[in-house]
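Reading through the structure tokens given below for one structure.
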Protein chains: 2
Amino acid sequence: MNWQMLQFDWAKARAFFATAETGSLSGAARALNLAQPTVGRQVEALEQELDVVLFERIGKKLLLTPAGLDLLEHVRTMGEAAQRISLIASGHSQTLDGPIRISAGEAVSAFLLPPILRRIRTEHPEIEITIIATGTQSDLQMREADIAIRNAQPTQNDLIARRTPDRMAGLYAKTTYLEEIGHDLAKADFIGFEGSQNMAAALTERGFAISADQFRILSEAHLVQWAYVKNGMGIGLMMNEVANADPEISRVAPDFEPAVPMWVLAHREVKTSRRVRVVYDLIVEALS
Amino acid sequence: MNWQMLQFDWAKARAFFATAETGSLSGAARALNLAQPTVGRQVEALEQELDVVLFERIGKKLLLTPAGLDLLEHVRTMGEAAQRISLIASGHSQTLDGPIRISAGEAVSAFLLPPILRRIRTEHPEIEITIIATGTQSDLQMREADIAIRNAQPTQNDLIARRTPDRMAGLYAKTTYLEEIGHDLAKADFIGFEGSQNMAAALTERGFAISADQFRILSEAHLVQWAYVKNGMGIGLMMNEVANADPEISRVAPDFEPAVPMWVLAHREVKTSRRVRVVYDLIVEALS
DNA sequence: GAACATTTATGCATTTATGCATGAATTGGC
DNA sequence: GCCAATTCATGCATAAATGCATAAATGTTC
């Protein structure tokens, strides 16, 4: 075996990769948790080491040279391999002590997870939990989270998925609001996600004549929607168990009760980690 | 894009790779031009960083754990990508100043290359040439050399190959030796490569009754063979132009004149390097 | 079983790399 | 066209990694 190929510093390749991907030294520095001058010097050193100009310094902008473009392709495969390494390594970790990241929607994060986290906190205080309550479904493949709770069956087949009993949801509003509009749903404002106007059709099917333009407040942030509902500004969707816990909130159109499927997901590789397994099992148990 | 995957130090992955491949920290240190304690600490740091035990320290031997085995696979793809990077980077290098490695057989290295190298030396003194005169054909793929001179058509299709006129070879011996044995080839000792006894068959076809056991001195080192010939210890094979230059050497069996094909090879990627191109063209020109 | 050759681990001086603070140049928005 | 926000480059103090020398342990060979 020849080792010439290993002569150049892989850390510098990483700096180059991040710089090319983010488009700037500063961006790369943020991504790598390094200082900007460090990344700059590493890239510069790589250029000297490989005797190749990677970036064209035109003004403050960095533009990849043809050579840099050629190399980027292969550095990217290095990066993909590195990604798998960190993934698989996590799976082999058998220490309970350490961080774990859970991704879930806002409502789940705010209302369902707290008791579960409290239990984990008492039973395994050495586990450091981070909640990623992003609206967009975070990518387990890209390792933004170790465990994800989603409302749809996953399509990726390298994920371990466990379905827990469906949550039931319904339309809710503040009791005083309903009295205001005389319980006439035709007069009501609706609060929903962007694109949820087609829910109007589903309601019309059930005998409620709701038009799409009654959806006046649209937000991707479920908790924001709920805040509007609790402020008596309209009718919104919420899981029953959450809404029922609030005495000022009343149900609207009880026949309309969509089921919210719940899937607890983890990477096949990462699931073998003891820490992930413990948390995963606890979440599944608590949600069942 | 998520950058978690880039968090761990790629340089440590390299140390792990080299250690796993060579089987020891010392070996990896030699391969990477590092000190042995450095490699040891890097591997140790990687284990902490990934929270995984990579090697089982059984006495002085390092044994890969299952986790290490799992990770090695992906570190290897990192290494292969790194190899391509250094390869392609060389191809993009446009500076004449720098090292270049030429691989050739012993006879070619000793007799054909010197005038060529002298010319390169005068025309481009900034190029540092290294000759790898290994018997085994060095692997251009593995980048042991930038340019190779071989005697067979290459099979790899990612190599640039240029055939130069065949060299003619023949059997030679010291003149005094031939007188000693009365020019009777049946009494002569033959000197050849291991496995070249089947040359006896080729000679017999041409009317020389040579038996395989007349090959008494076998060596993979062509120059060693030639030294024996020049010492009057037997008959050996040599390129005509080399043998003819020696007044003490006479030809044996002039009808037997095998052609030695000559191929000048370089990587497709590397050939685009100005330095390689210059040397390559000079070699091809000089051999033509 | 003893001598030898290799291997890994440790302590310490030195080199090297990194981060921070700052300045200069450029871009983008209003 | 100006202001604010980024961006990259430089100098310097500090932190970190590296190499060397050496010890300890193990495998090998005669």
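So that the names make sense, note that chain A is the first sequence line, chain B the second, and so on, each numbered from 1.
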Just the rounded figure in Å: distance from [atom2] of [N] to [atom1] of [X].
{"X": "B:F55", "N": "C:dT8", "atom1": "CZ", "atom2": "P", "answer": "10 Å"}
{"X": "B:R41", "N": "C:dT8", "atom1": "CZ", "atom2": "P", "answer": "14 Å"}
{"X": "B:K12", "N": "D:dA16", "atom1": "NZ", "atom2": "C1'", "answer": "10 Å"}
{"X": "B:L25", "N": "D:dT26", "atom1": "CG", "atom2": "P", "answer": "15 Å"}
{"X": "A:Q48", "N": "C:dA17", "atom1": "CD", "atom2": "P", "answer": "11 Å"}
{"X": "A:L62", "N": "C:dA25", "atom1": "CG", "atom2": "P", "answer": "17 Å"}
{"X": "A:N33", "N": "D:dA16", "atom1": "CG", "atom2": "P", "answer": "15 Å"}
{"X": "A:E47", "N": "D:dA9", "atom1": "CD", "atom2": "C1'", "answer": "14 Å"}

- [ ] Using a 4.0 Å heavy-atom cut-off across all strands, classify B:S26 as base, sugar-phosphate, or nothing.
- [x] base
Open item on the list: On the nucleotide C:dT6, are OP1 or OP2 found under 4.0 Å from the side-chain N or O atoms that B:R30 carries?
Closed with: no
Task: OP1 or OP2 of D:dG19 under 4.0 Å from side-chain N/O of B:T38 - done: yes
- [ ] Go through the N and O atoms of the side chain of A:Q42 and the base of C:dA17, and report whether any donor-acceptor pair is under 3.5 Å.
- [x] no
Task: Neighbour count >12 (heavy atoms, 6.0 Å) for atom CZ, B:R268 - done: yes
Task: OH (B:Y228) with more than 12 external heavy atoms under 6.0 Å - done: no
Task: Test item: A:R275 side-chain N/O and A:P99 main-chain N/O as donor-acceptor pair under 3.5 Å - done: yes
- [ ] Apply the test salt bridge (charged side-chain N to carboxylate O under 4.0 Å, His left out) to residues B:E21 and B:R76: give CA-CA distance (whole Å), side-chain angles for both, the deciding distance (0.1 Å), then the verdict.
- [x] CA-CA 9 Å; B:E21 289 290 326; B:R76 185 175 284 118; 2.6 Å; yes
Task: Candidates C:dG19, C:dA9, C:dC20 - which lies nearest the side chain of B:P37 - done: C:dA9
Task: Nearest listed nucleotide, side chain of A:Q36, among C:dT7, D:dT7, D:dC8 - done: D:dC8
Open item on the list: I need the minimum non-hydrogen distance between B:A67 and B:V52, along with the two atoms involved.
Closed with: CB-CG1, 3.6 Å
TODO: Between B:E44 and A:V39, name the one whose nearest nucleotide on DNA chain C is closer to the 5' end.
DONE: B:E44
